[in-house]
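This report refers to the structure that appears directly beneath it.
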There are 2 protein chains.
Amino acid sequence: MTISIEKMADQFKLLGDKTRLKIVSILNQQDMCVCQLVELLQTTQPNISQHLRKLKDAGLVREDRRGQWIFYSLQVADHPHLQDVLQYLPKLEEEVQQKINSMLCE
Amino acid sequence: MTISIEKMADQFKLLGDKTRLKIVSILNQQDMCVCQLVELLQTTQPNISQHLRKLKDAGLVREDRRGQWIFYSLQVADHPHLQDVLQYLPKLEEEVQQKINSMLCE
DNA sequence: TGATTATATAAGCAGTTGATTATATAATGA
DNA sequence: TCATTATATAATCAACTGCTTATATAATCA
């Protein structure tokens, strides 16, 4: 269960991008599919997909196809140093959070 | 005391470099001057100085001149999300840690 | 089957980053 | 004062990053 300092740096590097940190923050609330993240973060689909791939390669998210959609969920159980960080994530912009809330209700 | 998600990402980006994360790990044990960090991390003096400047600009370290030397210390009291991370820092390579220990004894 | 929707992948590019080399500044001590 | 030691800054460069546009794959549904 030991991790090298180099690998730990690589994981922080993943969180060191505003788009990815927002994705993490959103997935910390609720599983989402790519198209939902695209809408929430107002960027292009390939952009989101590429960020998700990096997170997946590092084992921080998990994908789960449900028909046409692929849902992503946070997978930090075995990354205690990241898990601990989640509680400090700032709130997203009101507008984005409202969209998320409306998704939660559906 | 609120921090934006963008700023938080910037702070993670700082930890997302192996040299800087090692510096943080070392300073978490003991204040060090530049030349000591150069010896511990086996790199050039300008390299260490430039990393320290980034950490200083972000308010993560503090400098304190003592004569010819400038000592750096970790300043994370007002960065709870970073403070929390420190306990998860992996051990440095045995060889480096031994050098640090010998510095602690002096 | 063909059209639509969702997602991934590839290529290209501007901007950034980490490191090196060279040089400048500053403190110390002879 | 001059030489030495410690540190900072500047210039440079190759490598990397995040984003975009274009294209490919895959599932759904009429």
Side-chain angles (χ1 to χ4, degrees), chain A residues 5-27 30-73 99 103 106, chain B residues 5-27 30-73 99 103 106:
Chain A
I5 208 160
E6 282 86 357
K7 284 204 176 153
M8 196 162 168
D10 284 341
Q11 295 189 348
F12 283 129
K13 194 178 295 179
L14 280 175
L15 300 189
D17 172 84
K18 65 179 191 305
T19 304
R20 278 193 300 272
L21 194 58
K22 285 178 186 176
I23 291 176
V24 166
S25 179
I26 291 169
L27 295 183
Q30 173 85 3
D31 297 359
M32 291 280 168
C33 70
V34 179
C35 66
Q36 287 175 309
L37 290 169
V38 169
E39 199 210 331
L40 288 170
L41 297 183
Q42 300 277 54
T43 181
T44 62
Q45 174 267 313
N47 192 23
I48 295 293
S49 280
Q50 281 158 11
H51 283 303
L52 285 171
R53 186 148 74 107
K54 290 184 183 182
L55 292 171
K56 197 184 68 173
D57 287 348
L60 302 190
V61 303
R62 200 177 151 272
E63 69 179 34
D64 170 31
R65 181 177 278 276
R66 300 181 203 164
Q68 208 171 355
W69 300 274
I70 299 180
F71 279 77
Y72 284 83
S73 55
K99 280 192 199 169
M103 290 172 176
E106 275 158 21
Chain B
I5 208 159
E6 282 85 357
K7 285 204 175 151
M8 196 162 168
D10 284 341
Q11 295 190 347
F12 283 129
K13 192 178 296 179
L14 279 175
L15 300 189
D17 172 84
K18 65 180 192 304
T19 304
R20 278 193 300 272
L21 194 57
K22 285 178 185 175
I23 290 175
V24 166
S25 180
I26 292 170
L27 295 183
Q30 172 86 3
D31 297 1
M32 291 279 169
C33 70
V34 179
C35 64
Q36 288 176 309
L37 291 170
V38 168
E39 199 210 331
L40 287 170
L41 297 183
Q42 299 278 55
T43 181
T44 62
Q45 174 267 315
N47 192 23
I48 294 292
S49 280
Q50 280 159 12
H51 283 303
L52 285 170
R53 185 147 75 106
K54 289 185 184 182
L55 292 170
K56 197 184 68 173
D57 288 348
L60 302 191
V61 303
R62 200 176 151 272
E63 69 180 33
D64 170 31
R65 180 178 279 276
R66 301 180 204 165
Q68 208 170 355
W69 299 274
I70 299 181
F71 278 77
Y72 283 84
S73 55
K99 280 192 200 171
M103 290 172 176
E106 277 157 22

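Small disclaimer: the values here were computed from a predicted structure and weren't measured. The figures here come from the full heavy-atom set of this structure, side chains too, leaving out hydrogens, waters and symmetry mates.
The closest donor-acceptor contact from the side chain of Gln11(A) to the backbone of Met8(A) lies at 3.5 Å or more, if one exists at all.
Ser49(B) has no side-chain polar atom (N or O) that falls below the 4.0 Å cut-off from OP1 or OP2 of dT9(D). Distances shown here put a side-chain N or O of Arg20(B) below 4.0 Å from the OP1 or OP2 atom of dG18(C). Side-chain nitrogen and oxygen atoms of Thr19(A) include at least one within less than 4.0 Å of the OP1 or OP2 phosphate oxygen of dC19(D). For dG18(C), the OP1/OP2 oxygens have a side-chain nitrogen or oxygen of Lys54(B) closer than 4.0 Å. Listed pair Tyr72(B) / dA8(D) meets the phosphate criterion, a side-chain N or O lying under 4.0 Å from OP1 or OP2. Side-chain nitrogen and oxygen atoms of Arg53(A) include at least one within less than 4.0 Å of the OP1 or OP2 phosphate oxygen of dT9(C).
Contact detail for Leu21(B) and Ala9(A): the closest heavy-atom pair is CD2-N, 3.6 Å. Taking each heavy atom of Leu27(A) and Tyr72(A) in turn, the nearest pair found is CD2-O, 3.4 Å.
Comparing Arg65(A) and His51(A) by the nucleotide of DNA chain D that holds the closest heavy atom to each, the one mapping nearer the 5' end is His51(A). Of the two residues near DNA chain D, Thr43(A) and Trp69(A), the one whose nearest nucleotide lies more 5' is Thr43(A).
Judged by atom type and distance alone, Gln68(B) reaches the base of dT5(D) through a side-chain donor-acceptor pair under 3.5 Å. You'll find a donor-acceptor pair under 3.5 Å spanning the side chain of Gln45(A) and the base of dA8(C), going by distance alone.
Looking at Asp17(A) and Lys54(A), their side chains never come closer than 4.5 Å, going by heavy atoms from C-beta outward.
The side chain of Thr44(B) has dT21(C) as its nearest neighbour among dA22(D), dT7(C), dT21(C). The side chain of Lys13(A) sits closest to dT17(D) out of dT17(D), dA19(C), dT7(C).
Pairing of dT1(C), defined by two Watson-Crick or G-U wobble distances under 3.5 Å, is identified with dA30(D). dT20(C) is paired with dA11(D) under the criterion used here, namely a Watson-Crick or G-U wobble arrangement in which both key atom distances are under 3.5 Å.
Atom CG in Leu55(A) sits 8.0 Å away from atom CG in Leu15(A) (nearest 0.5 Å).
Atoms CZ (Phe71(A)) and C1' (dA6(C)) sit 11 Å apart, rounded to a whole Å. Taking atom CD1 of residue Ile48(A) and atom C1' of nucleotide dA8(C), one finds them 14 Å apart after rounding to whole Å. Atoms CG (Leu37(A)) and P (dT7(C)) sit 9 Å apart, rounded to a whole Å. Separating the CG atom of Asn47(B) from the P atom of dT9(D) is a distance of 15 Å, rounded to the nearest angstrom. For Asp17(B) and dT17(D), the CG to C1' distance is 14 Å, given to the nearest whole Å. dA8(C) atom C1' lies 15 Å from atom CG of Leu55(A), rounded to whole Å. Distance Glu39(B) CD to dT7(D) P: 12 Å, rounded to the nearest Å. The CD-C1' distance, from Gln50(B) to dT17(C), rounds to 11 Å in whole Å.
Using a cut-off of 4.0 Å between Lys/Arg side-chain N and Asp/Glu carboxylate O, Arg66(B) and Asp64(B) are scored as salt-bridged.
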